[in-house]
Colleague: 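This structure is in structure tokens; I'll ask about it shortly.
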Amino acid sequence: MNLQSNDFELFGLKQQFAQERAALDDRWKTLQREAHPDKFAVQGAAAQRVAMQWSARINEAYRRLKDPLTRAAYLCELGGAPVNAHTNTAMPAQFLMQQMEWREALDDARDIAALEVLRQNVEVSKQALLQQCAQLLDVQNDCNAAVPLVRELMFIEKFSQDLDRGFDKFE
């Protein structure tokens, strides 16, 4: 293993958006077993520190690869098209309108049924964007075109968290 490897290389995976979660989980467990600091106890403190670095690096890669949104952003970055979500806040007007409608629906929701309908609508939009990301990243190899979709997915993720908190009002 090489600390300089990208996450896909570290996990021995093809550098693409589409990934099998079960295979990723299995590979993470295997890598963690190989790098666990307890395996290096007899080799001394220095070997254990290196193993701890490896374990942290493996966990960092796993966290990034297991989530489709962070995986898409990472692929864009690897492809030379960083998302820059903190500095690039421009969004298409149609998407912003949709966000406003969802926010109003969340504010106006009077029961769990209304929130469930909203959650379904958000999930449909999210899945459509994820499919478009897969197409752009894996088929067309167009990281630049995927960046705005990744940014939209980030907004949807944030809204989904707010929506989850909306359910708390009724529980």
Side-chain angles (χ1 to χ4, degrees), residues 1-91 119 122-123 125-169 171:
M1 290 192 283
N2 179 351
L3 280 174
Q4 304 306 315
S5 298
N6 72 41
D7 296 351
F8 295 96
E9 294 167 344
L10 180 64
F11 272 68
L13 299 171
K14 186 175 180 184
Q15 189 170 309
Q16 65 182 24
F17 180 75
Q19 297 291 334
E20 294 272 338
R21 178 63 189 262
L24 183 61
D25 292 347
D26 289 343
R27 184 66 179 141
W28 173 73
K29 290 174 190 172
T30 299
L31 290 170
Q32 280 298 353
R33 276 192 301 274
E34 291 174 8
H36 198 279
D38 290 347
K39 284 184 70 173
F40 300 89
V42 296
Q43 296 177 12
Q48 282 189 303
R49 277 193 300 276
V50 170
M52 286 178 62
Q53 288 175 331
W54 269 110
S55 185
R57 174 68 180 96
I58 291 164
N59 284 335
E60 173 190 42
Y62 177 67
R63 180 195 53 77
R64 204 170 10 239
L65 294 176
K66 73 178 182 175
D67 178 60
L69 174 55
T70 56
R71 184 171 58 243
Y74 184 60
L75 282 165
C76 289
E77 183 179 316
L78 289 175
V83 175
N84 295 327
H86 298 294
T87 58
N88 183 1
T89 58
M91 298 297 287
R119 177 181 274 162
V122 170
E123 186 62 25
S125 293
K126 178 181 174 181
Q127 290 305 316
L129 285 171
L130 287 170
Q131 288 176 351
Q132 290 174 0
C133 278
Q135 175 72 23
L136 289 168
L137 293 168
D138 292 351
V139 178
Q140 297 176 16
N141 197 26
D142 191 348
C143 295
N144 289 315
V147 166
L149 301 182
V150 171
R151 291 183 48 252
E152 288 182 22
L153 282 164
M154 289 175 169
F155 272 77
I156 289 174
E157 182 67 26
K158 170 74 171 85
F159 179 77
S160 293
Q161 292 168 0
D162 294 343
L163 181 56
D164 288 343
R165 285 189 288 278
F167 278 92
D168 293 342
K169 292 189 300 188
E171 292 179 356

Colleague: Regarding Arg21 and Asp25, does a basic nitrogen lie under 4.0 Å from an acidic carboxylate oxygen?
Modeller: yes
Colleague: Check this for me: Gln140, atom CD, are more than 12 non-hydrogen atoms of other residues, nucleotides or ligands nearer than 6.0 Å?
Modeller: yes
Colleague: Can a donor-acceptor pair be found, under 3.5 Å and without considering hydrogens, that links the side chain of Gln131 to the backbone of Ala128?
Modeller: no
Colleague: Report yes if the side chains of Leu130 and Phe17 come closer than 4.5 Å at any heavy-atom pair, otherwise no.
Modeller: yes
Colleague: Heavy atoms, side chains only, cut-off 4.5 Å: are Leu129 and Gln132 in contact?
Modeller: yes
Colleague: Which atom pairs, one a donor and one an acceptor, fall under 3.5 Å between side chains of residues 151-160 and the rest of the protein, sequence neighbours left out?
Modeller:
residue	atom	partner	partner atom	Å
Arg151	NE	Asn88	O	2.8
Arg151	NH1	Ala90	O	2.9
Arg151	NH2	Asn88	O	2.5
Arg151	NH2	Ala90	O	2.6
Lys158	NZ	Asp162	OD1	3.1
Lys158	NZ	Asp162	OD2	3.3
Ser160	OG	Ile156	O	3.0

Colleague: Does Lys14 NZ have over 12 foreign heavy atoms under 6.0 Å away?
Modeller: no
Colleague: Mind listing the closest non-hydrogen atom pair of Arg27 and Phe11 along with its distance?
Modeller: NE-O, 3.1 Å
Colleague: Before accepting this row, confirm whether a basic side-chain N of the pair Glu60/Arg63 lies closer than 4.0 Å to the acidic partner's carboxylate O.
Modeller: no
Colleague: Any side-chain heavy atom of Arg57 sitting closer than 4.5 Å to one from Leu10?
Modeller: yes
Colleague: Decide if atom CD of Gln161 counts as having more than 12 heavy atoms of other residues, nucleotides or ligands within a radius under 6.0 Å.
Modeller: yes
Colleague: Mind listing the closest non-hydrogen atom pair of Gln16 and Gln19 along with its distance?
Modeller: O-NE2, 2.9 Å
Colleague: Could you measure the distance from the CG atom of Asp26 to the CD atom of Glu20? Nearest 0.5 Å is fine.
Modeller: 10.5 Å
Colleague: Looking only at heavy atoms, what is the nearest atom pair of Trp28 and Ile58, with distance?
Modeller: CD1-CG2, 3.7 Å
Colleague: Inspect the surroundings of CE in Met52 and state if more than 12 heavy atoms from other residues, nucleotides or ligands are less than 6.0 Å away.
Modeller: no
Colleague: Can you tell me how far the NE2 atom of His36 sits from the CD atom of Gln48, to the nearest 0.5 Å?
Modeller: 10.0 Å
Colleague: Please output the side-chain donor-acceptor pairs of residues 72-87 that fall under 3.5 Å, not counting sequence neighbours, one pair per line with the distance.
Modeller:
residue	atom	partner	partner atom	Å
Tyr74	OH	Asp7	N	3.0
Thr87	OG1	Asn84	O	3.4

Colleague: Does the side chain of Asp164 come within less than 4.5 Å of Arg119's, by heavy atoms?
Modeller: yes
Colleague: Kindly indicate whether the side chain of Ser55, heavy atoms from C-beta on, has any atom under 4.5 Å from the side chain of Gln32.
Modeller: yes
Colleague: About how many Å separate OG1 of Thr70 and CG of Leu65, when rounded to the nearest 0.5 Å?
Modeller: 7.5 Å
Colleague: Could you measure the distance from the CG atom of Leu149 to the CG atom of Leu69? Nearest 0.5 Å is fine.
Modeller: 11.5 Å
